[in-house]
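Take a look at the structure set out below.
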Amino acid sequence: MAKNTIGAAMKGRTPTVSILCHTYNHEPFIGQALESMLIQKTDFPVEVIVHDDASTDGTAAAVRDLAIKHSGQIHPILQETNQFKRDMRPSRFTFPHANGEFIALCEGDDYWCCPYKLQRQVDALRRYPEVDLCVHSALRLSVRSGKQKRHFYYGPKERIVQPETIIARHNQFAPTASMLMRANAAQSLPDWFFNDPGLPVGDFFIEAILGRKGVLYLPDAMSVYRRDVPGSYTNSFRNSRGEALEERLKRMLYFVEKLRGMKGIPERALDQRLSYVRLNYALQFLSTGDRDRFIRTSRNVRLEGHSGLQAALSAMRRSRMAFEVGRRTFQVHRYFKD
């Protein structure tokens with residue numbers, strides 16, 4: 001069947017894919033994000049739902065203008081009061097409005113770089129009816145340096161990745177803008193995912209819960225995610241310290257623990273993930289020179305197959321000199337890694 005762009009494909013039909021775009025203060029990026037959705041070539045209808053959380057820049061105006069320009073293709077939800085500050089996450093407003101058989105995610109500071117992304121992912125999930133989530137590799141673009149590099153690449157073959165691998169990781173398995181999921185599975189995520197206050201990030205929980213039967217991985221890099229965007233979760237995390245950072249850690253551990261006992265969530269993998277969460281926060285305490293909190297947090301890091309790392313953490317707990325050496329080494333490593 002001939003491929004059409006989103007506008008030509010809709011024509012009043014029920015969408016096959018609902019694209020959910022969550023945005024806040026993304027004025028420099030939102031146009032590219034939405035245009036990358038509108039140029040998708042598919043043999044099925046698609047809708048775009050954009051949630052702006054009361055941006056203080058020109059993001060909402062840009063969304064409104066594009067919605068008028070592409071009437072019937074972009075459906076804006078423009079908040080007048082910031083909902084995140086009221087502990088209400090964007091997914092609470094967008095997921096219930098998705099009419100498609102599938103849901104795709106792309107935040108307002110990311111974009112898609114392949115016009116056949118949606119078609120390829122929908123075709124792939126139809127080949128594997130037992131799987132609820134499909135992801136792919138991506139390009140990482142540093143706003144600070146302008147450098148672009150491929151990430152989230154797990155080999156050249158399409159394959160199903162088992163939940164043990166998805167969960168027992170240092171960080172998320174795939175970027176948000178790569179995710180395509182079955183809507184019935186996504187909309188049946190636990191109530192706490194949508195409504196409980198304080199959930200730090202949602203990506204990992206989507207991977208863990210919807211990936212309990214495996215995650216379908218495609219090797220092609222079909223999206224770009226920006227790093228070092230002002231106000232992003234990563235930047236917010238790196239600017240946190242002291243008691244505020246400790247509170248974030250408590251919330252993250254609380255929500256990860258909610259996965260325990262869920263059918264299909266391997267306990268051993270979950271324990272590894274909890275140790276990685278503690279490690280991430282211990283390293284942030286290390287970076288800020290907060291040795292007391294570093295000691296308390298790193299003491300509960302128990303990672304299988306990482307004896308060298310465990311020894312280094314132990315040495316930094318015992319010795320102030322080792323702590324300072326470790327701090328400088330980590331800061332240099334973080335700078336060059338970025």
Side-chain angles (χ1 to χ4, degrees), residues 1-21 36-49 73 75 91 94-107 110-138 152-167 172-189 193 202-203 205-224 263-264:
M1 184 179 295
K3 299 294 192 293
N4 299 301
T5 57
I6 286 178
M10 279 298 293
K11 294 183 179 177
R13 296 156 57 200
T14 301
T16 297
V17 176
S18 298
I19 304 171
L20 307 185
C21 178
S36 76
M37 301 170 198
L38 294 169
I39 64 168
Q40 289 294 302
K41 297 183 182 299
T42 66
D43 59 15
F44 48 75
V46 179
E47 67 177 351
V48 182
I49 300 171
Q73 302 169 52
H75 309 288
S91 54
T94 55
F95 275 61
H97 287 285
N99 298 302
E101 179 185 354
F102 302 95
I103 291 175
L105 303 181
C106 184
E107 297 189 344
D110 298 328
Y111 65 97
W112 296 340
C113 57
C114 174
Y116 297 99
K117 168 195 153 68
L118 290 182
Q119 186 71 54
R120 290 177 181 175
Q121 287 191 284
V122 167
D123 290 346
L125 276 180
R126 293 205 192 285
R127 291 195 297 271
Y128 297 91
E130 74 281 8
V131 175
D132 290 324
L133 176 64
C134 177
V135 302
H136 54 73
S137 69
F152 301 102
Y153 180 70
Y154 306 109
K157 294 183 179 180
E158 174 184 305
R159 62 190 177 97
I160 296 177
V161 182
Q162 296 305 309
E164 291 84 355
T165 301
I166 302 297
I167 294 169
Q172 69 191 73
F173 179 73
T176 309
S178 78
M179 294 182 179
L180 181 83
M181 62 201 79
R182 299 189 192 280
N184 60 354
Q187 290 165 339
S188 63
L189 283 162
F193 176 85
D203 297 351
F205 298 98
I206 290 174
E207 291 177 343
I209 298 171
L210 300 192
R212 286 177 290 173
K213 293 175 283 187
V215 172
L216 179 55
Y217 160 78
L218 305 181
D220 293 339
M222 295 187 284
S223 65
V224 177
K263 184 179 179 180

Quick one: are the ring centres of Phe205 and Phe193 less than 6.0 Å apart?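 Not close enough - the centres of the two rings lie 6.0 Å or further apart.
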
Check [X] against [Y] and note the closest heavy-atom contact, atom names and distance.
X	Y	value
Leu125	Val131	CD2-O, 3.7 Å
Gln40	Cys114	NE2-O, 2.9 Å
Ala177	Lys117	O-NZ, 3.0 Å
Arg182	Phe102	NH1-CE2, 3.5 Å
Met179	Gln121	C-NE2, 4.5 Å
Pro163	Arg212	CG-O, 3.6 Å

Separation of [Y] [atom2] from [X] [atom1] (nearest 0.5 Å):
X	Y	atom1	atom2	value
Leu118	Lys41	CG	NZ	12.5 Å
Cys106	Leu180	SG	CG	12.5 Å
Ile206	Leu105	CD1	CG	5.5 Å
Glu207	Thr165	CD	OG1	12.0 Å
Thr94	Ile19	OG1	CD1	12.5 Å
His75	Leu20	NE2	CG	11.5 Å

For the backbone of [Y] and the side chain of [X], can you confirm whether one donor and one acceptor N or O come within less than 3.5 Å of each other?
X	Y	value
Tyr217	Tyr154	yes
Ser18	Asn99	yes
Tyr153	Ala221	no
Gln73	Val48	no
Ser36	Trp112	yes
Gln119	Asp43	yes
Gln172	Asp203	no
Thr16	Glu101	no

Note, [X] side chain near [Y] side chain (heavy atom, < 4.5 Å):
X	Y	answer
Leu189	Leu210	yes
Leu218	Cys134	yes
Ile103	Met181	yes
Arg120	His136	no

Would you sort out whether Val17 and Val122 count as a side-chain contact (heavy atoms from CB on, under 4.5 Å), showing the intermediate values? CA-CA 8 Å; Val17 176; Val122 167; 3.6 Å; yes

Going by side-chain hydrogen bond (donor to acceptor under 3.5 Å, both in side chains), name the residues that satisfy it together with Asp132, two or more places apart in sequence or in a different chain.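 Counting only residues at least two positions away or on another chain, Asp132 forms a side-chain hydrogen bond (donor to acceptor under 3.5 Å, both in side chains) with Lys213.
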
